[in-house]
Amino acid sequence: MTPRQRFLAACRCRPVDRPPVWLLRQAGRYMAEYRAVRARHSLLDICRTPALAAEVTITAAERLGVDAAIIFADLLLPAAPLGLELEFAAGEGPRLSPPLRTAEQIARLPEQWGGALDCVSEAIARVRAHFGPGGLPVIGFAGAPFTLASYLIEGGGSRNFIETKRLLHAQPAAWDELMRKLTAGLAGFLEQQAAAGADALHLFDSWAGALSPDDYRRAVLPHTRRLVELAGAAGIPVIYFSTGAAGFLEAVAETGAAVLGLDWRISLSAAWERLSRYVQPPPALQGNLDPALLLAGPEAACAAARAMLAQARGRSGYIFNLGHGILPETPVETVQALIRCVRGD
Ligand code: CP3
């Protein structure tokens, strides 16, 4: 099977010769080639220059020998069409200003983002042309409405999501309007990525686990399900990734995504068991090795990977991945050893 056939078959729960593998944050600071590009360009310059974004995407995927390439971009790029200023201060994480806190600000947000993020689809077209039809599939991505909203409202990363939850609970109509507008904008952005040649679309709901099951179901799920439906209309698989959400895995499955990306807080076997009881056929699963295992050396990482593959043995619909992004401290040799081990080389 070509990597594209293998990856798409796994997304659709069809038989594969072996599970496909790729890694969250496979292009990042742990890799010398990435650091060399970053020494000359800011993160946002790389994201906004299709030739650089394509180079970084391709180099990481080829260096590792994975079965898919996720386009190099950032979840926060939509800040620009939404009228917020975005900066990454060294060592401090992202800052967005002014933070979105009032119904008046939400009423002024645009629903369509126009050509503001054309750089991402142009980068996808370049990566697609590089790999060609027999090569690696390209994964387009965006933040899911809740996780994107949390950055816009908090003005950056957050531990307790105080302002996000304040808006959600105290101003439900403004919250719904925000989620509806973000869903519309994200749908257009994802459609552009599909039209440029993305083979699959990945939604990051990295902080969904901050919510209670009831709040997720009521205030987030309807919008997320709508976005999955709109994104899936292009006919390519949608992967929905969340962390800390195993407590409401069944609600997560109701997004309708073809593939659910899981973190390590639930075992693959437990997830399959619960999902199979809830929906037939269950969605494909992606994940979910704790990225910290890669800090324990190649033997420990490979042993954990083999245990994970054993849980998936005999099932179609499995994509090997980490449960969250590769940590910057990770030795690249350990990552390469892990990939060889999963590929069975
Ligand atoms: O290879 C890939 O995974 C593709 C590239 C990618 C980046 N960001 C580049 C990046 C992807 C998929 C993202 C998604 C993203 N961005 C998420 C969701 C994924 C997740 O981890 O849950 C989030 C929450 C963001 C927002 C973001 N971008 C934060 C909070 C930070 C700061 C983190 C830090 O450690 O400083 C970023 C910066 C960022 N985006 C880096 C990379 C490779 C860090 C490296 C750098 O500064 O060059």
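In each ligand, atom 1 is the first atom listed, and ligand 1 is the first ligand listed. Just so you know, these numbers come straight off a predicted model, no measurement behind them. Counting begins at 1 with the first residue of the sequence.
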Nearest option to atom 25 (C) of ligand 1, as decided by whichever heavy atom of Thr243, Leu75, Leu86 sits closest: Leu75
Nearest-contact summary for atom 7 (C) of ligand 1 - protein heavy atom, Å: Ala73 O, 3.0 Å
N/O separation below 3.5 Å, Arg25 to ligand 1: yes
Side chain, backbone, both or neither: Leu43 near ligand 1, heavy atoms under 4.0 Å: side chain
Location of contacts on Ile71 toward ligand 1, heavy atoms closer than 4.0 Å: backbone
Proximity of Phe141 and Phe241 rings by center, below 6.0 Å: no
Sub-4.5 Å side-chain heavy-atom contact between Leu152 and Leu109: no
Minimum-distance protein heavy atom relative to atom 11 (C) of ligand 1: Phe141 CZ, 3.6 Å
All pairs passing side-chain hydrogen bond (donor to acceptor under 3.5 Å, both in side chains) where residues 297-311 contributes a residue, at least two apart: Ser269-Gln311
Aromatic contact, Phe146 with His223 (centres under 6.0 Å): no
From the candidates Tyr30, Phe88, Trp22, the one that places a heavy atom nearest atom 31 (C) of ligand 1: Phe88
Min N/O separation Phe72 to ligand 1 under 3.5 Å: no
Numbering as shown, the atoms of ligand 1 that approach Tyr34 to under 4.0 Å (heavy-atom distance): 43 (C), 45 (C), 46 (C), 48 (O)
Donor-acceptor under 3.5 Å (Asn288 side chain, Ile266 main chain): yes
Plane angle bin for His324 and Trp264 - parallel if under 30°, tilted between 30 and 60°, otherwise perpendicular: tilted
Identity and distance of the protein heavy atom lying nearest atom 22 (O) of ligand 1: Ser206 OG, 2.4 Å
Atom 33 (C) of ligand 1: nearest protein contact (heavy atom, Å): Arg29 NH2, 4.1 Å
Electrostatic pair Glu273:Arg277 at N-O distance under 4.0 angstrom: yes
Within reach of ligand 1, part of His324 (heavy-atom separation under 4.0 Å): side chain
Residue and atom name of the nearest protein heavy atom (relative to atom 19 (C) of ligand 1), distance in Å to one decimal: Phe204 CD2, 3.3 Å
Geometric N/O contact Tyr151 with ligand 1, under 3.5 angstrom: no
Asp67 and Arg18: CA distance, side-chain angles, deciding distance, salt bridge (charged side-chain N to carboxylate O under 4.0 Å, His left out) verdict: CA-CA 11 Å; Asp67 293 302; Arg18 63 166 174 82; 2.9 Å; yes
Close side-chain approach of Val332 and Tyr30, heavy atoms under 4.5 Å: yes
Parallel, tilted or perpendicular: rings of Phe320 and Tyr318 (30°, 60°): perpendicular
Numbering as shown, the atoms of ligand 1 that approach Ile70 to under 4.0 Å (heavy-atom distance): 1 (O), 2 (C), 3 (O), 4 (C)
Protein residue, atom and distance nearest to atom 1 (O) of ligand 1, heavy-atom basis: Ala27 N, 3.0 Å
Nearest-neighbour protein heavy atom for atom 27 (C) of ligand 1, which is reported as residue plus atom name and distance: Asp74 OD1, 3.7 Å
For Arg38, atoms of ligand 1 separated by under 4.0 Å from a heavy atom: 46 (C), 47 (O), 48 (O)
Atom 32 (C) of ligand 1 - nearest protein heavy atom and its distance: Pro94 CD, 4.0 Å
In one Ile/Leu/Val/Met/Phe/Trp/Tyr side-chain cluster, 4.5 Å: Phe7, Met1: no
Rounded distance (nearest 0.5 Å) linking atom CZ of Arg315 with atom CG of Leu285: 8.0 Å
